[in-house]
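Have a look at the structure below, then the notes.
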Amino acid sequence: MDPTDSHDDALANRIMRYASSKSSDLPAFPSDDADSLRSDNEYEEGDEEVEEVEEISEMDLLQHLDASMPPIFLAQELFNEDVDSKSFNVLTADNGNELFHKGYTCLEDVIDPAMIQAVREWGTHMFKTGQMDRASGKHNQEEDPFREGSARGDYTIWVSPGSKFLEQSPALNQCVEWFSKRLHEDLVKLVHLHGQAEYQLAYYPPDSSHYERHRDSFPTNDREDRDQRRITAIVYFNPDWKQGDGGELRIFDKGLGDEEEKQIDIAPKAGHCVLFLSGVMDHAVLPSFNERIALTSWYR
Ligand SMILES: O=C(O)CCC(=O)C(=O)O
Ligand SMILES: [Fe+2]
């Protein structure tokens, strides 16, 4: 048997297990049924390679998937045709083109400075009073077994519409509305989305906290797929950011074909908004030496 075949089969199994562990409405994975599993002494020497594949990290898995098809080509299949950019609320035609061709794009000054200050103060207060959760840790590790517990040093809260936190901070509520209404309406015109979105406020303490290279979802071209995030949008609340404060968002731009990977560092300046294709762009947050606050939304 060609060893790559069994590797691929095991990999496909791994992806299915991962996908089913992430989604509550998928049917149970057949081999999760204890009765259908072989007992330990039914495993033979030839089964060892399955054990090896169990060790595969999320990044290895993504590299393997990328090698068979550049993820941007898959994501491009989800873009709508004949988009009328004149009808956008906040995006420009250039933003749409960049998102399609490069996988990421930036907007400036999307939030009013007074609101930025108010959200920053509220976020800092929430952190200092112990009301934000460390994003890494046991709970997160169970949800996402591939990722190292030390991969991220930020503290987060979910702030989806209806959350009690949005009643506490009218400024944050307005920011979430910008994401959930103005930006979401544009993105629905540009890309095939199902309408679900998640919003998270993150606080990075000034102790060189960072977030290691990762991707926010698996690449997909399946219009019916509701599990994978499609677009990530982040806006920053750091009014006095200066060179040396760190905390830049690093985007790893693989280009197409044999092009060399480029690293694009984006300063987390107040009111700047970065958008990228969640299943396409690897990214990281560089060590931050000043308090760093960001609001992220993921659209499916
Ligand atoms: O805050 C940022 O710039 C990126 C955060 C991020 O990558 C994430 O939360 O998945
Ligand atoms: Fe991310």
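None of the values given here were measured: they were computed from a predicted structure. The analysis underlying the following values was restricted to heavy atoms, covering all of them including side chains, and did not include hydrogens, waters or symmetry mates.
Between Leu62 and Ser217 the shortest heavy-atom distance is CD2-O, 4.3 Å. Taking all atoms of both residues into account, the shortest heavy-atom contact from Leu295 to Cys175 is CD2-CB, 3.9 Å. Of all heavy-atom pairs spanning Leu275 and Leu99, the tightest one is O-CD1, 3.7 Å. Here the closest non-hydrogen pair linking Asp186 and Leu91 is OD2-N, 3.0 Å. Summarising the geometry of Tyr203 relative to Gly123, their closest heavy-atom pair is CD1-O, 4.4 Å, with the distance given to 0.1 Å. Pairing each heavy atom of Pro219 with each of Gly279, the nearest pair is CB-O, 3.5 Å.
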Please step through side chain to side chain contact (heavy atoms under 4.5 Å, CB included) for the pair Asp112 and Gln174, ending with a clear verdict. CA-CA 10 Å; Asp112 176 80; Gln174 277 195 49; over 6 Å; no
Could you give me the CA-CA distance, side-chain angles and deciding distance for Asp227 and Phe218, then say whether side chain to side chain contact (heavy atoms under 4.5 Å, CB included) is met? CA-CA 9 Å; Asp227 295 329; Phe218 284 111; over 6 Å; no
Going through the checks in order, is the side chain to side chain contact (heavy atoms under 4.5 Å, CB included) test met by Leu201 and Val119? CA-CA 10 Å; Leu201 190 73; Val119 170; 4.3 Å; yes
Apply side chain to side chain contact (heavy atoms under 4.5 Å, CB included) to Arg134 and Met132, showing your working. CA-CA 7 Å; Arg134 211 189 147 89; Met132 286 177 116; over 6 Å; no
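A distance-only check finds a donor-acceptor pair linking the side chain of His194 to the backbone of Arg223 [under 3.5 Å]. In this structure a side-chain-to-backbone donor-acceptor pair under 3.5 Å is missing from Asp245 to Pro206. Counting only distance, with no hydrogens or angles, the side chain of Asn89 and the backbone of Arg182 share a donor-acceptor pair below 3.5 Å.
The closest side-chain heavy-atom distance from Phe276 to Ile234 is below 4.5 Å. Considering only heavy atoms from C-beta on, Arg292 stays 4.5 Å or farther from Asp154 through its side chain. Tyr155 places none of its side-chain heavy atoms less than 4.5 Å from the side chain of Met126. Looking at heavy atoms from C-beta onward, Lys102 lies out of side-chain contact with Met281 at the 4.5 angstrom threshold. Residues Ile266 and His272 form no side-chain contact, since every pair of their non-hydrogen atoms from C-beta on lies 4.5 Å or further apart. At a threshold of 4.5 Å between non-hydrogen side-chain atoms, the residues Ile264 and Tyr104 count as touching.
Scanning for ring-ring contact (aromatic ring centres under 6.0 Å, His included) contacts around Phe100 gives Phe79, with sequence neighbours left out. Evaluation of the side-chain hydrogen bond (donor to acceptor under 3.5 Å, both in side chains) rule for Glu198 yields Arg229, Arg300 as partners, not counting sequence neighbours. Residues satisfying the side-chain contact (heavy atoms from CB on, under 4.5 Å) test with Asp282, not counting sequence neighbours, are Met59, Arg213, Arg215, Phe252, Lys254.
There is no path of hydrophobic side-chain contacts, each under 4.5 Å, that joins Ile293 to Phe289. Hydrophobic clustering keeps Phe165 apart from Trp298 (ILVMFWY residues linked when any side-chain heavy atoms are closer than 4.5 Å, directly or through intermediates). Hydrophobic cluster membership is shared by Val176 and Leu107, with clusters built from Ile, Leu, Val, Met, Phe, Trp and Tyr side chains linked at under 4.5 angstrom. Cluster membership for Phe237 and Trp241, using ILVMFWY side-chain heavy atoms within less than 4.5 angstrom, is not shared. Note on Leu249: it clusters hydrophobically with Leu277, by side-chain heavy-atom contacts below 4.5 Å among ILVMFWY residues.
Legend: side chain to side chain donor-acceptor pair (under 3.5 Å) pairs involving residues 160-170, not counting sequence neighbours: none detected. Residue pairs that meet the side chain to side chain donor-acceptor pair (under 3.5 Å) test with at least one member in residues 118-131, sequence neighbours left out, are Gln117-Glu121, Arg120-Asn238, Lys128-Glu291, Thr129-Gln131. Counting only residues at least two apart or on different chains, the side chain to side chain donor-acceptor pair (under 3.5 Å) pairs with a member in residues 91-100 are Thr92-Asn95, Asn95-Thr105, Glu98-Thr105.
Note on ring orientation: taking the six-membered ring where Trp is involved, the planes of Tyr199 and Phe179 are tilted (angle from 30° to 60°). A parallel orientation is assigned to the rings of His214 and Tyr211, their planes being inclined by less than 30° (bins at 30° and 60°).
Taken from CG in Asp265 to CD in Glu248, the straight-line distance is 5.5 Å, to the nearest 0.5 Å. How far CG of Leu193 is from OH of Tyr299: 9.0 Å, rounded to the nearest 0.5 Å. Remark: Leu183 CG to Ile231 CD1 distance equals 8.0 Å, nearest 0.5 Å. A distance of 11.5 Å separates CZ in Phe127 from CG in Asp133, rounded to the nearest 0.5 Å. Annotation: the span from Ile251 atom CD1 to Glu261 atom CD amounts to 12.0 Å, rounded to 0.5 Å. Taken to the nearest 0.5 Å, the CG atom of Leu172 stands 5.0 Å off from the CG atom of Leu166.
By the 6.0 Å contact criterion, NZ on Lys189 is enclosed, its count of non-hydrogen atoms from other residues, nucleotides or ligands being greater than 12. Crowding of Glu260 atom CD: a count of heavy atoms from other residues, nucleotides or ligands under 6.0 Å not exceeding 12.
In summary, of the residues considered (Ile111, Ile116, Val274), a side-chain contact (heavy atoms from CB on, under 4.5 Å) with Tyr236 occurs for Val274 alone.
Of the N and O atoms on the side chains of Ser209 and Ser288, not one donor lies less than 3.5 Å from an acceptor on the other residue.
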